[in-house]
Undergrad: 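Before I ask anything, here is the structure I am working with.
Counting from 1, the numbers follow the sequence of the chain as shown.
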Amino acid sequence: MSNSLFRQSFLIDSLYSDGALLSSEYTTDDGVLLKLHCPGVLEVIPPQLDEKTQHIVVSCAIHGKDAGPVELVNRIVSDIESGFQPVREHCLFIIAHLEALKHHTQFFDENLERLFDDKPRESSQELVIADNLKIFLKAFWKETSSENRWHFDLHSTLNPSSYHTFAISPKVRHTVRPKALVNFVELSHLDALVLANAPSSSFSWYTADCYSARSLAIALGQSSRLGQSLLDRFNAFDITLRDLCAREPNEHLPRKTKFYRVSRTIVRMNDDFDFIFSDEVENFTAFVHGEVFGHDGDKPLMAKNEGEAILFPDKYVSVGEQAALMVCPVTVRYEQDQLVYD
């Protein structure tokens with residue numbers, strides 16, 4: 001048996017793999033089995049599995065500029081391999097788009113985050129990645145209870161944000177917004193939780209829709225290059241995720257999050273499209289009712305609700321693609337353990 005699964009680390013070995021891995025499996029002194037399925041996909045199996053075991057997917061690098069989340073995941077994996085981080089739940093760690101990460105570009109052929117649906121598409125390297133990830137998920141969650149499935153898809157934002165950390169809960173037909181998920185958000189000290197209002201083609205939507213997983217897309221700061229991320233700004237999230245994987249009680253206090261609902265999606269319909277604010281506008285920048293913030297052809301783009309805010313603005317997308325999300329503050333409550341709003 002090898003004394004280590006990696007030459008350097010999960011991240012470095014995945015980025016620069018030549019196919020000659022020291023080993024595809026490694027067992028820690030505590031009996032935790034690490035199985036490297038391929039570069040960037042690592043399964044972690046605790047010594048005991050039973051009906052209470054949680055099955056947790058932690059993914060990152062759907063986009064190649066999401067360096068902070070990647071380094072966070074790499075640090076957790078390194079601590080698991082050394083035995084410093086205990087693991088009592090079944091985990092799958094994914095660094096998705098290694099080539100884009102290596103070249104510090106969001107993607108090459110098309111946006112990987114928009115490929116997790118069943119629409120027919122032209123072949124691309126991103127489509128190959130999406131199809132392979134679906135295969136790994138199917139095997140990982142085979143014969144598991146939907147109530148025990150979690151997925152945290154970690155990102156960074158291209159734009160600065162009024163909230164340094166926030167999460168998006170996908171809209172699906174299943175009950176995937178239990179109080180336990182909101183507790184995780186608040187223990188992680190995420191500043192805001194955005195509730196989507198329609199199906200999408202994102203990775204977190206796919207896992208929630210197809211597997212009833214408790215799924216979140218989580219934004220951890222602004223994009224940076226590898227080695228330049230300020231990971232201490234995500235300490236509460238790091239600790240909470242580690243506690244979940246270790247099945248250990250949380251020793252820190254939660255912090256109330258702010259809730260938003262997606263009010264609408266702005267899709268670019270014309271070549272003549274522009275926002276009147278700077279490209280560096282912050283996510284969650286709010287507008288007064290009726291305020292014009294751009295145009296799509298002859299149609300002005302304006303706030304339809306008081307305090308309506310913009311998220312992920314991108315005026316450079318192609319015609320027919322999402323140019324922004326609009327969100328509004330919302331008051332929430334629980335019905336039969338599920339988060340709802342009026």
Side-chain angles (χ1 to χ4, degrees), residues 11 14-16 39-41 58-74 93-117 119 121-134 151-161 163-168 170 194 196 200-207 216-231 234 265-268 273-275 277-284 310-325:
L11 170 59
S14 295
L15 283 175
Y16 303 104
V41 179
V58 182
S59 57
C60 59
I62 290 292
H63 295 130
K65 293 186 179 181
D66 296 341
V70 173
E71 292 179 287
L72 187 83
V73 166
N74 185 59
F93 294 96
I94 297 171
I95 305 175
H97 204 327
L98 292 167
E99 284 302 309
L101 182 65
K102 189 186 300 185
H103 292 86
H104 191 63
T105 184
Q106 285 292 81
F107 54 87
F108 290 108
D109 299 323
E110 53 185 331
N111 191 341
L112 176 57
E113 181 71 337
R114 297 177 181 170
L115 300 182
F116 292 94
D117 54 23
K119 294 180 181 178
R121 303 178 186 275
E122 295 293 329
S123 178
S124 67
Q125 60 176 298
E126 281 81 13
L127 187 60
V128 171
I129 294 171
D131 289 343
N132 286 338
L133 290 180
K134 291 178 181 180
H151 178 208
F152 305 114
D153 188 31
L154 311 185
H155 293 260
S156 301
T157 62
L158 294 177
N159 285 47
S161 296
Y163 301 123
H164 188 65
T165 60
F166 60 93
I168 299 177
V194 178
S200 71
S201 55
S202 70
F203 194 19
S204 57
W205 170 84
Y206 172 79
T207 56
L216 292 172
I218 299 176
L220 300 174
Q222 195 172 357
S223 296
S224 61
R225 290 185 176 274
L226 289 171
Q228 299 178 1
S229 305
L230 302 176
L231 299 186
F234 318 133
T265 301
I266 295 178
V267 177
R268 180 175 184 171
F273 181 98
D274 200 5
F275 294 126
F277 46 70
S278 163
D279 287 352
E280 293 300 309
V281 68
E282 290 187 342
N283 288 307
F284 295 97
I310 199 160
L311 197 58
F312 310 133
D314 184 358
K315 66 183 181 182
Y316 303 105
V317 299
S318 301
V319 172
E321 293 188 350
Q322 174 185 306
L325 290 177

Undergrad: Is the shortest side-chain heavy-atom distance between Pro39 and Leu98 below 4.5 Å?
TA: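 Yes. Closest side-chain heavy atoms under 4.5 Å.
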Undergrad: Could you go through Glu113 and His155, starting from their C-alpha distance and side-chain angles, then the distance that decides it, and tell me whether this counts as side-chain contact (heavy atoms from CB on, under 4.5 Å)?
TA: CA-CA 11 Å; Glu113 181 71 337; His155 293 260; 3.7 Å; yes
Undergrad: Whether the side chain of Glu126 engages the backbone of Phe108 through a donor-acceptor N/O pair (distance < 3.5 Å, no angle test) should be reported.
TA: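 Yes; at least one donor-acceptor contact below 3.5 Å.
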Undergrad: Can you list the residues that meet the side chain to side chain contact (heavy atoms under 4.5 Å, CB included) rule with Ser156, with sequence neighbours excluded?
TA: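 Here the qualifying residues are Asp66, Pro69, Ser223.
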Undergrad: Between Ser14 and Gly40, which heavy-atom pair has the shortest distance, and what is it?
TA: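 Between these two residues, the closest heavy atoms are OG-N, 3.0 Å.
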Undergrad: Around atom CZ of Arg121, are there more than 12 heavy atoms of other residues, nucleotides or ligands at under 6.0 Å?
TA: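 Enclosed: over 12 neighbouring heavy atoms sit under 6.0 Å from CZ of Arg121.
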Undergrad: Compute whether any side-chain donor of one residue and acceptor of the other, for Asp153 and Ser204, lie under 3.5 angstrom apart.
TA: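 Distance-only check fails for Asp153 and Ser204.
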Undergrad: What pairs with Arg114 under salt bridge (Lys or Arg N to Asp or Glu O under 4.0 Å), at least two apart in sequence or on another chain?
TA: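 Arg114 satisfies salt bridge (Lys or Arg N to Asp or Glu O under 4.0 Å) with Glu321 once adjacent residues are dropped.
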Undergrad: Given the ring of Phe273, does Lys315 sit roughly above its face, with NZ or CZ under 6.0 Å from the centre of the six-membered ring and within 45° of the axis?
TA: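 So Lys315 doesn't make the cation-pi contact.
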Undergrad: Do Asn283 and Ser161 have a side chain donor and acceptor closer than 3.5 Å?
TA: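 Present: a donor and an acceptor within the cut-off.
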Undergrad: Taking salt bridge (Lys or Arg N to Asp or Glu O under 4.0 Å) as the test, write out the residues that go with Glu99, two or more places apart.
TA: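 Per chain and number, Glu99 pairs via salt bridge (Lys or Arg N to Asp or Glu O under 4.0 Å) with Lys102.
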Undergrad: Below 4.5 Å, heavy atoms only, C-beta onward: do Phe234 and Thr165 meet side chain to side chain?
TA: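 Result yes, sub-4.5 Å side-chain heavy-atom pair found.
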Undergrad: Give a yes-or-no answer on whether the side chains of Gln222 and Thr157 include a donor-acceptor pair shorter than 3.5 Å.
TA: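 No, Thr157 and Gln222 have no side-chain donor paired with an acceptor closer than 3.5 Å.
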